[in-house]
**Q** 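Once you've had a glance at the structure underneath, I'll fire off some questions.
As the structure lists them, so they are numbered: ligands from 1, and atoms in each ligand from 1.
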Amino acid sequence: MSTTEQTYIMIKPDGVQRGLVGEIIARFEKRGFKLAALKMETPSKELLEKHYGDLADKPFFPKLVKYMLSGPVICMVWEGLDAVKTGRVMLGATNPLASNPGTIRGDYALQVGMNVCHGSDSVENAKKEIELWFNNDVKQYKLDAAQWIYEA
Ligand code: GDP
Ligand code: MG
């Protein structure tokens, strides 16, 4: 576990359309994570098929790609202690009906095919996704608040 661990978090088209961008960013900021990269993108089918390559055999794959192509997404890299696992906890379960209240999906979604956000599921996949979406163009800077977030 490192304080410089990075995770790839993406607000899906439904999250953008429903005006949840600020809310989701605020949750990661307030938790103490450092924003390392941020952009809005209209991804190509090819990019999405790569991003979700592990799911290519699933029956819902075409529906998933169509959903992700339905509007712009917000791409982010968040950095901090245990960022990958904690990011997943903040997102909630894949199926929003199984997500706890207090999580993003548990507060703002009902169905798996409209579940508002993506988060890397392992450090290894986070690295791959940050390369895929940002070509590793991630900012490096000192977060001054870190002294009030991390123990000395
Ligand atoms: P995640 O890591 O929690 O996002 O879940 P997965 O990696 O297993 O799946 C990727 C995304 O595919 C999910 O976030 C959903 O948007 C979508 N998805 C997963 N399972 C289903 C399903 O059974 N039906 C539909 N329509 N979409 C699904
Ligand atoms: Mg996943």
**Q** Do other residues, nucleotides or ligands put more than 12 heavy atoms under 6.0 Å from the CD atom of Q147?
**A** yes
**Q** Going through the checks in order, is the side chain to side chain contact (heavy atoms under 4.5 Å, CB included) test met by L81 and I149?
**A** CA-CA 10 Å; L81 189 66; I149 295 164; over 6 Å; no
**Q** Other residues, nucleotides and ligands only: do more than 12 of their heavy atoms fall within 6.0 Å of NZ on K58?
**A** no
**Q** Show the atoms of ligand 1 that are less than 4.0 angstrom away from any heavy atom in L55.
**A** 7 (O), 9 (O), 10 (C)
**Q** Applying a heavy-atom cut-off of 4.0 Å, say which part of V112 lies close to ligand 1: side chain, backbone, both or neither.
**A** both
**Q** To which of H118, R105, R88, K66 does the heavy atom nearest atom 4 (O) of ligand 1 belong?
**A** R105
**Q** Does NZ or CZ of K39 come closer than 6.0 Å to the centre of the six-membered ring of F134, within 45° of the ring's axis?
**A** yes
**Q** Looking only at protein heavy atoms, which one is nearest to atom 23 (O) of ligand 1, and how far off is it?
**A** F60 CD2, 3.6 Å
**Q** Would you say CD of E41 has more than 12 non-hydrogen atoms from neighbouring residues, nucleotides or ligands within 6.0 angstrom?
**A** yes
**Q** Taking heavy atoms and a distance under 4.0 Å, where does L91 meet ligand 1: side chain, backbone, both or neither?
**A** neither
**Q** So is there a nitrogen or oxygen of N115 less than 3.5 Å from a nitrogen or oxygen in ligand 1?
**A** yes
**Q** Just to be sure I read this right, does ligand 1 sit under 4.0 Å from the backbone of K12, its side chain, both, or neither, counting only heavy atoms?
**A** side chain
**Q** Could you check atom 3 (O) of ligand 1 against the protein and tell me its nearest heavy-atom contact, residue, atom and distance included?
**A** T94 OG1, 2.5 Å
**Q** Under 4.0 Å from ligand 1, counting heavy atoms only, is it the side chain of L64, its backbone, both or neither?
**A** side chain
**Q** As an exercise, identify every atom of ligand 1 less than 4.0 angstrom from a heavy atom of Y52.
**A** 10 (C)
**Q** Listed by chain and number, what are the side chain to side chain donor-acceptor pair (under 3.5 Å) partners of R88, not counting sequence neighbours?
**A** none
**Q** Are R27 and I9 close enough, and set up right, to give a side chain to side chain contact (heavy atoms under 4.5 Å, CB included), and what steps lead you there?
**A** CA-CA 12 Å; R27 287 180 180 223; I9 301 289; over 6 Å; no
